[in-house]
There are 2 protein chains.
Amino acid sequence: MSLPHALLGLLKYMPMTGYELKKFFDDSINYFWSAQISQIYRELKKLEENGYIKSARESGDKGPDKIRYSITDSGFSFLKDWLSNVPENIDEDNRNAFLLRIMLLSNLGAEEMHMQIQMRLEKYRKSLAELETVREKLSFYLEQTGNVDLLPFWKITLNRGFHDIKSHIEWAEESLAVLEIEIKKLKSKKK
Amino acid sequence: MSLPHALLGLLKYMPMTGYELKKFFDDSINYFWSAQISQIYRELKKLEENGYIKSARESGDKGPDKIRYSITDSGFSFLKDWLSNVPENIDEDNRNAFLLRIMLLSNLGAEEMHMQIQMRLEKYRKSLAELETVREKLSFYLEQTGNVDLLPFWKITLNRGFHDIKSHIEWAEESLAVLEIEIKKLKSKKK
DNA sequence: GAATTCATGTAACTTGTTACATGATTTA
DNA sequence: TAAATCATGTAACAAGTTACATGAATTC
């Protein structure tokens with residue numbers, strides 16, 4: 001639903017080709033947004049039809065032609081409109097496959113649930129470490145490219161990631177404790 | 001993607017009609033999963049074709065006929081298979097429209113961002129209060145229906161919600177502080 | 001008597017994914 | 001020279017939403 005806005009937002013930084021946009025997704029905002037290359041191309045066409053972006057063909061002496069897109073004034077104001085209108089449903093999409101799984105997991109019993117949450121906990125701890133390196137790279141990158149003014153905004157975005165992972169870790173630890181009590185109860189009943 | 005599993009999980013509790021399933025979504029797990037009635041009917045047909053559920057027509061003396069679905073053994077083992085296979089991408093969908101918005105919000109400037117996050121903070125605080133009442137209702141409901149054994153599993157699910165909202169509140173408070181510093185900087189520059 | 005809820009669906013559309021096609025360039 | 005990467009797409013499919021249709025029952 002917000003792919004067009006994501007594309008406009010990225011093109012605001014600099015003009016890019018479809019391929020470059022895909023790369024940008026993959027190695028920067030991949031943590032919270034990704035897209036298929038085929039859909040990017042489809043969407044770019046639509047955005048151009050609407051006059052939100054314009055294209056320029058570049059026939060370099062090497063390789064195939066590139067079509068580089070840049071955002072238009074109309075596109076930027078479209079983006080700003082979207083940003084100004086805060087959605088009522090605060091999460092924009094209340095679907096959470098993770099919570100659905102957790103709820104249904106009771107069908108497998110306390111021990112299986114414990115095992116799965118334990119596995120998640122380990123992954124969360126790894127993610128936390130990875131985010132730490134992303135943070136370091138980001139500061140460095142923004143300083144190098146002279147975009148230091150963007151730093152506080154990016155930090156706010158990144159910080160959300162930290163809070164999210166930390167809350168998962170705390171939840172997992174608490175849940176494991178609850179499940180351990182349940183497992184003990186079941187075992188004492190058997191006797 | 002997991003609508004069929006959600007339906008199977010709910011039918012595991014008790015046999016229901018399409019309409020009842022929609023209501024169950026709306027007033028119980030709506031916090032993390034919802035579905036359109038049209039899609040529920042479509043999916044129920046598919047599930048029956050696959051033998052995962054079976055239907056029984058009930059022609060009461062009042063109102064139109066009801067088609068009540070119940071889960072089959074084959075359906076339950078299908079559900080258990082899905083639950084046993086933990087997806088590699090732990091979140092199942094890394095797309096986070098909220099983070100995308102936050103990142104792009106820098107296009108509107110620090111003051112607008114501050115205002116929007118302030119609004120969110122207030123909503124989060126309300127959500128926290130609402131979740132509190134959901135928790136109370138749930139305990140009561142499970143005790144009344146004699147499903148006390150499910151209580152720890154439901155608590156784990158609910159608890160995830162609490163951690164989530166709390167992490168949003170903390171993040172919002174920190175972000176507002178950062179933005180206030182930015183706004184002060186900008187104002188002192190003007191002078 | 002009108003509006004809402006109950007209960008079932010169909011049709012058209014939008015969004016997103018997977019698989020495939022093409023051809024040049026670079027790297028192992 | 002084979003594989004990977006660059007750069008563009010098309011086609012078919014899967015999943016989800018919106019709008020519409022039908023008719024009985026209940027509530028205002």
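Within every chain, numbering begins at 1; the chains are lettered A, B, ... in the order of the sequence lines, protein sequences first and strands thereafter.
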Taken in chain and number order and not counting sequence neighbours, the residues that satisfy side-chain hydrogen bond (donor to acceptor under 3.5 Å, both in side chains) with S167(B) are R160(A)
Under a 4.0 Å heavy-atom cut-off, which of residues 74-85 of chain A touch DNA chain C? none
Which pairs would a plain distance check flag for residues 45-55 of chain B, meaning a side-chain donor or acceptor within less than 3.5 Å of a matching protein atom at least two apart in sequence or in another chain?
from, atom 1, to, atom 2, distance (Å)
E48(B), OE2, S55(B), N, 3.3
E48(B), OE2, S55(B), OG, 2.7
N50(B), ND2, K46(B), O, 3.4

In whole angstroms, the gap separating P of dT15(C) from CG of D93(A) amounts to 14 Å
Atom CG of L3(B) to atom P of dT15(C): distance rounded to whole Å? 20 Å
Starting from C1' on dG23(C), measure out to NZ on K66(A) and report it in whole angstrom. 16 Å
Sugar-phosphate, base or nothing in reach of R95(B), heavy atoms under 4.0 Å: sugar-phosphate
Let me know the distance between CD1 of I67(B) and P of dT8(C), rounded to the nearest Å. 6 Å
Note down the inter-axis angle between the two ends of the helix from dG1(C)-dC28(D) to dA28(C)-dT1(D), five pairs each, to the nearest 10°. 30°
Nearest whole Å is fine: how far is dA25(D) P from D65(B) CG? 12 Å
Ignoring hydrogens and geometry beyond distance, is a side-chain donor-acceptor pair present between E174(A) and H163(B) at under 3.5 Å? yes
So do L179(B) and I156(A) actually touch side chain to side chain, heavy atoms under 4.5 Å? yes
Go through it in stages, so that I can follow the logic: the residues are E173(A) and R125(A), the test is salt bridge (charged side-chain N to carboxylate O under 4.0 Å, His left out), and I'd like the CA-CA distance, side-chain angles, deciding distance and then a yes or no. CA-CA 11 Å; E173(A) 285 168 348; R125(A) 287 185 176 141; 2.8 Å; yes
To the nearest angstrom, how far is Y69(B) atom OH from dG9(C) atom C1'? 10 Å
Using heavy atoms and a sub-4.0 Å distance, could you list which residues of residues 37-47 of chain A are near DNA chain D? By number, please. I37(A), S38(A), Y41(A), R42(A), K45(A)
By nearest heavy atom, map W33(A) and E20(B) onto DNA chain C; which one lands nearer the 5' end? E20(B)
Assuming nearest nucleotide by heavy-atom distance, tell me which of T17(B) and S34(A) is located more 5' along DNA chain C. T17(B)
Give a yes/no on whether any side-chain N or O of K23(A) is located under 4.0 angstrom from OP1 or OP2 of dT5(D). no
When you check the gap from the basic side-chain N to the acidic O, do R68(B) and E58(B) get nearer than 4.0 Å? yes
As an exercise, state the distance from CG of D164(B) to CG of D164(A), rounded to the nearest 0.5 Å. 6.5 Å
Ring centers of F98(B), W171(B) separated by less than 6.0 Å: yes
Got a second to check how far K80(A)'s NZ is from L108(B)'s CG, nearest 0.5 Å? 7.5 Å
Between K23(A) and E20(A), is the closest basic N to carboxylate O distance under 4.0 Å? no
Integer-rounded Å distance: dA12(C) C1' and Q36(B) CD: 15 Å
Identify every side-chain donor-acceptor pair in residues 117-124 of chain A under 3.5 Å, counting partners at least two apart or on other chains, and give the distances.
from, atom 1, to, atom 2, distance (Å)
Q118(A), NE2, E122(A), OE2, 3.3
R120(A), NH1, I90(B), O, 3.3
K123(A), NZ, E88(B), O, 3.3
Y124(A), OH, H168(A), ND1, 3.2

Check whether any side-chain N or O of K22(B) sits under 4.0 Å from OP1 or OP2 of dA7(C), and answer yes or no. no
If you count the non-hydrogen atoms of other residues, nucleotides and ligands that lie under 6.0 Å from CG in D81(B), is the total more than 12? yes
Taking CG from L7(A) and P from dT15(C), how many angstroms apart are they, rounded to a whole number? 13 Å
